[in-house]
Peer 1: 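This is the structure I want to talk about, given as structure tokens.
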Amino acid sequence: MGLALDGLASGLDTTALIKSLMQVEAIPQNILKNKVSATQTMVSALQALNTRVADLATLTTKLAKPESLQLFSTSGSSEGLTVTTTTGASAGSLDLTVTKLAQSQLQVSDPVTEWTESSFSITAADGTETLITAPSNSLDDIVTAVNASDSGVQAVKVSAGKDASGVDQYRVQFSSGESGAANSFTISGTAVPMTEIRAAQDAEVKLWAGTAAEQSVSSTTNTFASLLPGVDVTVSKVSTDPVTVSVERDGEATSKVASDLVDSLNGLFSFIATNSAVTSGSGGATKGMIFTGDSTARMVKQRVMDAAISPIDGKSPSEIGISITKDGKLEFDSEKFSQALAEDPARVETVLQTISSRVSAVSTDMSDKYDGVITSRIKGQESVVTRLDDQISDWDRRLDSREATLKRIYSALEVQMSNLNSQSSYLASQLASLPTTQKQS
């Protein structure tokens with residue numbers, strides 16, 4: 001307080017003095033704010049880590065499924081063939097001859113101005129009869145009634161010019177909704193003449209044509225599902241000579257899957273390593289990154305690495321070209337992988353699926369949005385921030401109260417100093433007015 005009075009006495013600005021004192025008072029609060037900033041930085045880093053681990057879980061969950069590695073290249077010796085693979089496909093080839101393409105039935109009426117009846121029947125190939133009843137004989141009503149029925153037949157009105165009297169005529173076209181002989185139909189109960197434009201027909205291919213083993217295979221559509229195990233063949237034109245369907249294992253695609261998996265793992269390891277590094281500053285001082293010494297980041301890397309490189313059936317993944325380097329990263333040897341794939345594709349698929357399954361389980365467990373290890377750590381850090389924010393708010397109220405107190409104190413001191421200065425001036429003037437005596441020589 002003596003220092004403050006000296007300051008006032010020497011003419012120092014009271015506002016500046018209070019500001020300086022408040023800066024000293026606020027030191028504990030500033031320490032708390034620095035802790036909040038550091039904790040929020042950790043939360044952001046953990047969230048980024050959690051996102052990477054969750055992305056890895058998504059990727060490996062997909063790769064752990066058997067069909068994810070059923071990668072084949074397909075081809076047909078004719079432009080009229082499209083070959084696709086599904087689950088369970090295997091390498092192989094097959095010669096076939098396309099004898100028929102699937103088609104839907106199509107019938108049209110003679111030109112008419114109106115239908116002869118308002119009620120008639122449509123009978124499906126299996127004998128199911130559907131009665132068509134329209135409100136009137138008008139062609140629009142007939143077309144609407146057919147399209148609204150469960151017959152599976154579609155109708156449309158097509159212009160057919162004018163009759164001799166100049167009245168507009170139309171043909172009504174009837175077509176089956178789907179192709180194949182099973183979707184044929186007949187129309188009865190009407191006097192309107194009908195012409196069949198196209199008969200319902202199944203697609204048909206012959207296998208081993210011209211041999212004692214010749215076999216015909218039909219399909220209601222132009223796609224023959226599972227013509228070979230896990231292989232669908234779609235035809236688009238008839239062939240007189242045999243065409244070949246070929247399915248071969250796509251080694252390049254499988255190798256890319258394995259390479260992408262290793263890259264994803266290394267991406268996670270690199271992120272952790274970068275944020276765990278220790279750098280040297282001036283004067284030999286060192287500075288750690290956000291994850292330096294952090295147990296959660298260290299545990300994430302260790303668990304994922306163990307899942308990736310642990311032996312499978314007593315054999316190391318390095319046998320198919322996936323190994324760990326001395327700097328803690330994974331390495332993918334494409335040549336070794338391709339050789340292993342050519343020698344034993346089933347073994348390679350098993351290894352990749354096992355690695356993916358293990359990494360998926362670990363990554364999913366750690367990044368689970370409810371109780372994952374990383375998620376729990378993030379929630380813990382966010383709780384710390386909340387508590388620190390509450391303490392900072394308490395300090396705001398405490399500092400406001402302290403500042404108000406200091407202002408009252410210094411305001412009172414200024415009044416006292418003003419009074420003392422006035423008293424001092426009065427005493428000085430009184431002393432100056434006193435008579436003086438001169439000493440006689």
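The first residue of the sequence shown is numbered 1, and numbering continues consecutively from there.
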Peer 1: Taking only residues two or more places apart in sequence, or in another chain, which ones meet E349 in a salt bridge (charged side-chain N to carboxylate O under 4.0 Å, His left out)?
Peer 2: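 Counting only residues at least two positions away or on another chain, E349 forms a salt bridge (charged side-chain N to carboxylate O under 4.0 Å, His left out) with R249.
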
Peer 1: With sequence neighbours left out, which residue pairs that include part of residues 291-335 fulfil the ring pair (Phe, Tyr, Trp, His ring centres under 6.0 Å) condition?
Peer 2: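 Only F332-F337 qualify under ring pair (Phe, Tyr, Trp, His ring centres under 6.0 Å).
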
Peer 1: Just list the side-chain donor-acceptor pairs under 3.5 Å for residues 365-374, sequence neighbours left out, or say none.
Peer 2:
| from | atom 1 | to | atom 2 | distance (Å) |
| --- | --- | --- | --- | --- |
| D365 | OD2 | R303 | NH1 | 3.4 |
| D365 | OD2 | R303 | NH2 | 3.4 |
| S367 | OG | S363 | O | 2.7 |
| D368 | OD2 | Y370 | N | 2.9 |
| D368 | OD2 | D371 | N | 3.0 |

Peer 1: Please determine if D313 and R347 form a salt bridge, counting it only when a charged side-chain N lies under 4.0 Å from a carboxylate O.
Peer 2: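 Yes, D313 and R347 are salt-bridged.
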
Peer 1: When you check the side-chain N and O atoms of T61 and S360, is any donor under 3.5 Å from an acceptor?
Peer 2: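 A pair is found: one side chain offers a donor N or O, the other an acceptor, under 3.5 Å apart.
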
Peer 1: Checking K256 now: which residues fulfil salt bridge (charged side-chain N to carboxylate O under 4.0 Å, His left out) with it, not counting sequence neighbours?
Peer 2: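 Partners of K256 by the salt bridge (charged side-chain N to carboxylate O under 4.0 Å, His left out) criterion, ordered by chain and then number, come out as D260.
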
Peer 1: State which residues pass ring pair (Phe, Tyr, Trp, His ring centres under 6.0 Å) with F120; sequence neighbours excluded, sorted by chain then number.
Peer 2: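 Partners of F120 under the ring pair (Phe, Tyr, Trp, His ring centres under 6.0 Å) test: W115.
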
Peer 1: Quick one: salt bridge (charged side-chain N to carboxylate O under 4.0 Å, His left out) pairs with a partner in residues 128-140, sequence neighbours left out?
Peer 2: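 Only D140-K157 qualify under salt bridge (charged side-chain N to carboxylate O under 4.0 Å, His left out).
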
Peer 1: Between S295 and R298, does any side-chain donor sit less than 3.5 Å from a side-chain acceptor?
Peer 2: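 R298 and S295 do not have a side-chain donor-acceptor pair below 3.5 Å.
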
Peer 1: Calculate, to the nearest 0.5 Å, the distance between atoms CH2 and CG belonging to W208 and L94 respectively.
Peer 2: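 One gets 6.5 Å once the value is rounded to the nearest 0.5 Å.
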
Peer 1: For T58, check side-chain contact (heavy atoms from CB on, under 4.5 Å) against everything at least two apart and list the hits.
Peer 2: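 Expected list: none.
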
Peer 1: Sequence neighbours left out, what passes side-chain contact (heavy atoms from CB on, under 4.5 Å) with S216? Give chain and number order.
Peer 2: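 Partners of S216 by the side-chain contact (heavy atoms from CB on, under 4.5 Å) criterion, ordered by chain and then number, come out as E204, K206.
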
Peer 1: Please name all residues satisfying side-chain contact (heavy atoms from CB on, under 4.5 Å) with S20, sequence neighbours left out, ordered by chain then number.
Peer 2: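 With neighbours one apart ignored, the set is empty.
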
Peer 1: For the residue pair A64 and S356, what are the closest heavy atoms and their distance?
Peer 2: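 Shortest heavy-atom contact: N-CB, 3.8 Å.
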
Peer 1: Identify, with sequence neighbours excluded, every residue that meets side-chain hydrogen bond (donor to acceptor under 3.5 Å, both in side chains) alongside D168.
Peer 2: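 Expected list: K162.
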
Peer 1: Please determine, by modelled atom types, if D141 and S136 share a side-chain donor-acceptor pair under 3.5 angstrom.
Peer 2: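 S136 and D141 do have a side-chain donor-acceptor pair below 3.5 Å.
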
Peer 1: Applying side-chain contact (heavy atoms from CB on, under 4.5 Å), name anything that partners Q103, two or more places apart in sequence or on another chain.
Peer 2: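 Q103 satisfies side-chain contact (heavy atoms from CB on, under 4.5 Å) with R198, Q201 only.
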
Peer 1: Any chance the side chains of T234 and T223 put a donor and an acceptor closer than 3.5 Å?
Peer 2: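 Yes - a donor-acceptor pair under 3.5 Å links their side chains.
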
Peer 1: Compute whether any side-chain donor of one residue and acceptor of the other, for R377 and T296, lie under 3.5 angstrom apart.
Peer 2: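 Yes, because at least one side-chain N or O of R377 sits under 3.5 Å from a partner of the opposite role on T296.
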
Peer 1: For the residue pair D126 / T128, report whether a side-chain donor-acceptor contact shorter than 3.5 Å exists.
Peer 2: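 Short answer, yes.
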
Peer 1: Give every residue pair that meets the salt bridge (charged side-chain N to carboxylate O under 4.0 Å, His left out) criterion with at least one member in residues 321-338, sequence neighbours excluded.
Peer 2: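 Checked against salt bridge (charged side-chain N to carboxylate O under 4.0 Å, His left out) - neighbours excluded - no pair reaches residues 321-338.
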
